Amino acid sequence: MSEVKQIKSFSQKSDRNEEYYGFITRVYAELPNLLKEPEPENPDVVSLLDEEGGTPTPLSAAEAVNPALTKPIDQFESCYREFDRVMKLALVDSSATTMADENRDKAWADSNAYVKAIVKHPYPETAEKALELARCYSRYGYPLQLGLDQETGVLDNLIQDLRSLSASLLTQTGFTPWLEALEATQNAFKEAQKARTEAKAQLELGAVKIARGEMEAAYTALANTVNALALIEGDANYATFIDHVNVIIDEHKTVIKARQTKAANKKQEEASKPAESEPTQPEA
């Protein structure tokens, strides 16, 4: 008699939130394997993740292969929806804001370099008009070394001053596209910062910790129920789900182990570095 299949155990506590989110999302996508085959007139009741952003969709009216699984599956789905919600908010990190800031910094540096060049234009009239641009830049100094909010304020004032110059001056000096690029990147930064602020504002204090704790409990309850049912009545109805989840667990353990090994090696490398010697004090 072959051994009954069981979902492997593993420690969920060692995962970082992002790692656990990835793991549990893959398990969620396997839930249709615990549902009865859909009726012929309703063939599409088990699509769980949409194609665009992985947003969870309802399990519809599909029934579990065993009534004992109905509650664990419902609980798992409910917890996953909340965990998915808070993780999507938590993962709105600063990368978009950082990139937008780098773009506006480049736009400022490029436009400033152009102004420094145009003031040396061989046509005196053009060079004289370019001095108006140079005065604007000189008025606000070097804003790239400032904090993000302070830089935003300085660039807003600079752009306003540049926009107050005559259209003929901007055209004659060829500065219009440089000003438009600076203004566009400034606006893009503001939008990125606004999106991040709005996402963080929606994330309640401690929401990720609470949602993850509930998700871990729901996963454990589901796994324990599946294992118990497989022991009681055989694993025929659960083999696909068990096999798939075990593959996910094995791959997940490999990722975690690689991360932990890398961290341990780095720590050992830091410990093995020779300590810097104290500077020798000159003799009195």
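Just so it is clear, the model here is predicted, and its values are computed rather than measured.
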| request: Output, in order, the C-alpha distance, side-chain angles, deciding distance and verdict of side-chain contact (heavy atoms from CB on, under 4.5 Å) for Arg139 and Asn157. | output: CA-CA 10 Å; Arg139 188 176 301 132; Asn157 288 331; over 6 Å; no

| task | Report the C-alpha separation of Val65 and Leu35 in whole Å, then their side-chain angles, then the decisive distance to 0.1 Å, and conclude whether the side-chain contact (heavy atoms from CB on, under 4.5 Å) test is met. | result | CA-CA 5 Å; Val65 293; Leu35 306 177; 5.7 Å; no

| request: Go through Lys106 and Glu102 one step at a time and tell me if the salt bridge (charged side-chain N to carboxylate O under 4.0 Å, His left out) criterion holds. | output: CA-CA 6 Å; Lys106 184 177 185 302; Glu102 291 173 353; over 6 Å; no

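Leu133 has its side chain within reach of Leu169: a pair of non-hydrogen atoms, C-beta onward, lies under 4.5 Å apart. When side chains are defined from C-beta on, Tyr114 counts as touching Ile118, because their heavy atoms get closer than 4.5 Å. Looking at heavy atoms from C-beta onward, Asp15 lies in side-chain contact with Phe10 at the 4.5 angstrom threshold. A 4.5 Å side-chain heavy-atom check between Leu222 and Gln75 finds every atom pair outside the cut-off. In this structure, Glu125 and Lys129 have side chains that are in contact, with non-hydrogen atoms separated by less than 4.5 Å. Considering only heavy atoms from C-beta on, Glu128 stays 4.5 Å or farther from Val119 through its side chain. Residues Arg26 and Glu251 meet the side-chain proximity criterion, which asks for heavy atoms closer than 4.5 Å.
In this structure, the side chain of Ser111 engages the main chain of Trp108 through a donor-acceptor pair within 3.5 Å. In this structure, Thr261 contributes its side chain and Lys257 its backbone to a donor-acceptor pair below 3.5 Å.
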Side chains of residues 230-239: which donor-acceptor partners sit under 3.5 Å, not counting sequence neighbours?
unit_1: Glu233; atom_1: OE1; unit_2: Asn66; atom_2: ND2; d: 3.0
unit_1: Glu233; atom_1: OE2; unit_2: Tyr238; atom_2: OH; d: 2.5
unit_1: Asp235; atom_1: OD2; unit_2: Lys5; atom_2: N; d: 2.8

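In this structure Thr254 satisfies the side-chain hydrogen bond (donor to acceptor under 3.5 Å, both in side chains) test with no other residue, sequence neighbours excluded. With sequence neighbours left out, the side-chain hydrogen bond (donor to acceptor under 3.5 Å, both in side chains) criterion links Asp250 to Lys8. Take Glu19 and apply the salt bridge (charged side-chain N to carboxylate O under 4.0 Å, His left out) test, not counting sequence neighbours, and it matches Arg259. With sequence neighbours excluded, no residue forms a side-chain hydrogen bond (donor to acceptor under 3.5 Å, both in side chains) with Thr185. Asp101 meets the salt bridge (charged side-chain N to carboxylate O under 4.0 Å, His left out) test with Arg104; sequence neighbours excluded. Residues that satisfy the side-chain hydrogen bond (donor to acceptor under 3.5 Å, both in side chains) test with Asp156, not counting sequence neighbours, are Gln186, Lys190. Not a single ring pair (Phe, Tyr, Trp, His ring centres under 6.0 Å) links Tyr140 to another residue, sequence neighbours left out. Take Asn227 and apply the side-chain contact (heavy atoms from CB on, under 4.5 Å) test, not counting sequence neighbours, and it matches Gln6, Ile7. Not a single ring pair (Phe, Tyr, Trp, His ring centres under 6.0 Å) links His244 to another residue, sequence neighbours left out.
Residue pairs that meet the ring pair (Phe, Tyr, Trp, His ring centres under 6.0 Å) test with at least one member in residues 184-231, sequence neighbours left out, are Phe23-Tyr219. Every pair passing salt bridge (Lys or Arg N to Asp or Glu O under 4.0 Å) that includes a residue from residues 163-181 is listed here, sequence neighbours excluded: Arg163-Glu183.
A donor-acceptor contact under 3.5 angstrom links the side chains of Asp84 and Tyr21, judged on distance only. With no hydrogens or angles considered, a side-chain donor-acceptor pair links Gln12 and Thr220 at under 3.5 Å.
Pairing each heavy atom of Leu170 with each of Leu165, the nearest pair is CD1-O, 4.4 Å. Of all heavy-atom pairs between Leu146 and Glu151, the closest is CB-N, 4.0 Å. Here the shortest heavy-atom pairing between Val86 and Ala207 reads CG1-CB, 4.0 Å. For the pair Ile73 and Leu34, the tightest heavy-atom approach, listed with the atom from each and the gap, is CD1-CB, 3.9 Å. Nearest heavy-atom pair, Ala96 versus Ala192, reported as atom, atom and distance to 0.1 Å: O-CB, 4.1 Å. Considering all non-hydrogen atoms of both residues, Cys136 and Leu162 come closest at CB-CD2, 3.8 Å.
A salt bridge links Glu132 with Arg135: at least one charged nitrogen is closer than 4.0 Å to a carboxylate oxygen. Residues Arg85 and Glu82 are paired through a salt bridge, judged by an N-O separation under 4.0 Å between the basic side chain and the carboxylate.
Both tests hold for Arg212 against Tyr20: distance to the six-membered ring centre under 6.0 Å, angle to the ring axis within 45°.
Taken together through direct or relayed side-chain contacts under 4.5 Å among Ile, Leu, Val, Met, Phe, Trp and Tyr, Tyr142 and Tyr137 form part of one hydrophobic cluster. One hydrophobic cluster, built from ILVMFWY side chains closer than 4.5 Å, cannot hold both Ile256 and Ile24; they sit in different ones.
The line from OG1 of Thr126 to CD of Gln172 is 4.0 Å long, rounded to the nearest 0.5 Å. The distance from atom CG of Asp105 to atom CG of Leu144, rounded to the nearest 0.5 Å, is 4.5 Å. Separation of atoms OG1 (Thr173) and OH (Tyr123) is listed at 15.0 Å; rounding is to 0.5 Å.
Residue Leu69 forms a side chain to side chain contact (heavy atoms under 4.5 Å, CB included) with just one option from Thr225, Asp74, Leu31, and that option is Thr225.
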